[in-house]
2 protein chains.
Amino acid sequence: MDETPPVSSLESHLGYWLRAVSNNVSQGFARKLEDEGVTVAEWVFMRMLFDFETVSPSELAEAMGMTRGAISKLADRLVAKDLVERRASLADKRAQTLALKPAGRARVPVLAALADGNDREFFGVLEEEERGELDRLLRKIVSKRGLAAVTTD
Amino acid sequence: MDETPPVSSLESHLGYWLRAVSNNVSQGFARKLEDEGVTVAEWVFMRMLFDFETVSPSELAEAMGMTRGAISKLADRLVAKDLVERRASLADKRAQTLALKPAGRARVPVLAALADGNDREFFGVLEEEERGELDRLLRKIVSKRGLAAVTTD
DNA sequence: TCTTTCTAGTTGACTAGGAAACAATCCCCG
DNA sequence: CGGGGATTGTTTCCTAGTCAACTAGAAAGA
C-alpha cells in the first residue's frame, strides 16, 4: 500500500521563512555596521544605554535576550573601544552600572541612520501598509509570548 | 534651542522585531531538537536531502545561505553521526554528492513533527489568516530580494 | 551574630559559523 | 595537446555566543 508517512516541508514552517529573512537582514546590517567597527549586538547595547542612563549588565542581558556571560564580554569589547564605561555601584559592591562614554554617545546617531537605511533596504519591497502589518504581527507574537528579547545571531 | 538630533529607536525597526522573534523561535526549536541530538542547521540539511536524492555541498550552501566551509563541517558532523554519507562523483573528481543514510532518513519524520510543534507553539498566538499574511509577507521579501532560501515553488 | 543561601558579574571550555587561503581538478582557448 | 583561469571542497584562524563553575558580596534566619 505504500504508506509514506507525511513529512512536512521546510517551506511550510513560518519559522523557516522567519529565519531566512531575519538572518539576511541581520547579515546585511552587520555588513553596514562593519565600516563603523561595530557589531549588531554592540549597536543594540549602545542604543539601550543611550536612553537609560543607568543600566546593569543583568538588565541588559534580560533585555537583549543574551546570557550574563555574553553581556560581560560584550561590555569588555565596548570598554576596550572606549565607547562604554563600567561604574561601580556604591550601594552594592557586586553590582555595576554601564554607561555610554561621550565617544559612544556621539556614535549612536550615525549607527541609527545605518539601521534606518538597512530597514529601508530590506522592507522597502513591501507596501507601506504591509510594513505596518508585519510590524503588528511581530509585536503581537512578542507580547503574547512575553519575550523580552533581541539577540544577534 | 536644544537641537537634539533625532535618533531612531530600536523598536522602530522591523529588523529589530524580526530578529527578536526569529531568535526566539529558533532557540525554542533548538531546545526541542536537542533531545534528538540534532541542531537546527542539521535538520534543514537533512530535510533537504530527504527530497532531493542528489545534492552537492555547494548547492546546499547556496540553499541554506551558508558558506561552503560551514557546509563542509556540518556534513562532517552528520557523517560522524552516521546520518549522512558522502559519495564521490564519477563525472567530476572534485565534486561529491551528499545523501541521507537509512538512519538519517528514518529520523526526518520525527524531526518534522518537532518542527510542526514548534511552529504551532510560536505562531499559534496568531489567527489563521494572520499566519497566512505573515507567510505571504516573508515570502514576498524573499522573492523580491532574491534570497537564496530554497527554490520554492 | 554567624552561617547558609542567593545574587552579580566573570571566566574557561566548547560550539557554530564566516573569511580567506589552499589543493585538486576541470575547462577553455591558443 | 597544454597552460591559465575557474570551480569544488577543505582547512585554518578568528569571532561571538552558550553553559557551567567560580568569586565576591548581600540577605535572611537561627
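A note on names: the letters A, B, ... follow the listed sequences, proteins ahead of strands, and every chain is numbered from 1.
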Engineer: Sequence neighbours excluded and cut-off under 3.5 Å, please list the side-chain donor-acceptor pairs for residues 70-77 of chain B, or say none.
Structural biologist:
unit_1  : atom_1 : unit_2  : atom_2 : d
B/Asp76 : OD1    : B/Arg86 : NH1    : 3.0
B/Asp76 : OD1    : B/Arg86 : NH2    : 3.0

Engineer: Kindly state which residues belonging to residues 28-38 of chain B come within less than 4.0 angstrom of DNA chain C, counting heavy atoms of the residue only, listed by number.
Structural biologist: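 Residues of residues 28-38 of chain B that come under 4.0 Å of DNA chain C do not exist, since none gets that close.
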Engineer: Let me know the distance between CZ of B/Arg68 and P of C/dA19, rounded to the nearest Å.
Structural biologist: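 Nearest whole value for this atom pair: 12 Å.
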Engineer: Expressed in angstrom and rounded to an integer, what is the separation of B/Glu62 atom CD from C/dG18 atom P?
Structural biologist: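 For the pair B/Glu62 CD and C/dG18 P, the rounded distance is 13 Å.
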Engineer: Can you see if the side chain of A/Gln96 gets near the phosphate of C/dT10 - specifically, an N or O under 4.0 Å from OP1 or OP2?
Structural biologist: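 Indeed, a polar side-chain atom of A/Gln96 lies that close.
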Engineer: Without decimals, in angstroms, what is the distance between B/Ile71 CD1 and C/dG17 P?
Structural biologist: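 About 8 Å, once rounded to whole Å.
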Engineer: Identify, with sequence neighbours excluded, every residue that meets side chain to side chain contact (heavy atoms under 4.5 Å, CB included) alongside A/Ser9.
Structural biologist: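 By the side chain to side chain contact (heavy atoms under 4.5 Å, CB included) rule, A/Ser9 matches A/Glu11, A/Ser12, B/Arg47.
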Engineer: Is there side-chain contact between A/Ile141 and B/Leu134, with at least one heavy-atom pair below 4.5 Å?
Structural biologist: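 Contact flag for A/Ile141/B/Leu134 side chains = yes.
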Engineer: Using the salt bridge (Lys or Arg N to Asp or Glu O under 4.0 Å) criterion, which residues pair with A/Glu129? Sequence neighbours excluded.
Structural biologist: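 Partners of A/Glu129 by the salt bridge (Lys or Arg N to Asp or Glu O under 4.0 Å) criterion come out as none, since no residue qualifies.
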Engineer: Scan residues 110-120 of chain A for pairs that pass side chain to side chain donor-acceptor pair (under 3.5 Å), counting only residues two or more places apart or in two chains.
Structural biologist: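 The answer is A/Lys32-A/Asn118, A/Asp116-B/Ser8, A/Asp116-B/His13.
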Engineer: Does any non-hydrogen side-chain atom of A/Phe29 lie less than 4.5 Å from one of A/Phe122?
Structural biologist: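 Side-chain contact under 4.5 Å: no.
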Engineer: Please list, one pair per line, the donor and acceptor atoms closer than 3.5 Å that link side chains of residues 103-110 of chain A to other protein atoms, with sequence neighbours excluded.
Structural biologist:
unit_1   : atom_1 : unit_2  : atom_2 : d
A/Arg107 : NE     : A/Glu36 : OE1    : 3.2
A/Arg107 : NH2    : A/Glu36 : O      : 3.0

Engineer: Enumerate the residues from residues 73-88 of chain B whose closest heavy atom to DNA chain D is under 4.0 Å, giving them by residue number; use none for an empty result.
Structural biologist: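 Contacting residues: B/Lys73, B/Arg86.
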Engineer: If I take atom CZ in residue B/Arg19 and atom C1' in nucleotide D/dG17, what distance separates them, rounded to the nearest angstrom?
Structural biologist: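 Between C1' of D/dG17 and CZ of B/Arg19: 15 Å.
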Engineer: With a cut-off of less than 4.0 Å, is there a side-chain N or O of A/Ser56 near OP1 or OP2 of C/dA8?
Structural biologist: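 For C/dA8, OP1/OP2 do not have a side-chain N/O of A/Ser56 under 4.0 Å.
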Engineer: Using side-chain heavy atoms (C-beta onward) and a distance below 4.5 Å, is B/Met48 in contact with B/Met64?
Structural biologist: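 Touching, per the 4.5 Å side-chain cut-off.
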Engineer: Just jot down the side chain to side chain contact (heavy atoms under 4.5 Å, CB included) partners of A/Glu127, sequence neighbours excluded, or say none.
Structural biologist: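 By the side chain to side chain contact (heavy atoms under 4.5 Å, CB included) rule, A/Glu127 matches A/Glu130, B/Lys140.
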Engineer: Bend angle of the helix from C/dT1-D/dA30 to C/dG30-D/dC1 from five-pair axes at both ends, rounded to 10°?
Structural biologist: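 Inter-axis angle at the ends, rounded: 0°.
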Engineer: Would you tell me if any nitrogen or oxygen in the side chain of A/Ser72 comes within less than 4.0 Å of OP1 or OP2 on C/dT11?
Structural biologist: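 Answer no for this pair, as no side-chain N or O of A/Ser72 is under 4.0 Å from OP1 or OP2.
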Engineer: Rounded to whole Å, please give me the gap between CG in A/Leu98 and P in C/dA8.
Structural biologist: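 About 14 Å, once rounded to whole Å.
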Engineer: NA contact type, A/Ser89, heavy-atom cut-off 4.0 Å: base, sugar-phosphate, or nothing?
Structural biologist: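 Touches nothing.
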Engineer: What pairs of nitrogen or oxygen atoms, one from the protein and one from nucleotides 24-27 of chain D, lie under 3.5 Å apart?
Structural biologist:
unit_1 : atom_1 : unit_2  : atom_2 : d
D/dG25 : N2     : A/Arg94 : NH1    : 2.8
D/dA26 : OP1    : A/Lys93 : N      : 3.1

Engineer: Can you list the residues that meet the side chain to side chain donor-acceptor pair (under 3.5 Å) rule with B/Ser26, with sequence neighbours excluded?
Structural biologist: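 Per chain and number, B/Ser26 pairs via side chain to side chain donor-acceptor pair (under 3.5 Å) with A/Arg19.
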Engineer: Holding to side chain to side chain contact (heavy atoms under 4.5 Å, CB included), I want the full list of residues that pass it with A/Arg131, two or more places apart in sequence or in another chain.
Structural biologist: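 Per chain and number, A/Arg131 pairs via side chain to side chain contact (heavy atoms under 4.5 Å, CB included) with A/Phe123, A/Leu126, A/Glu128, B/Leu14.
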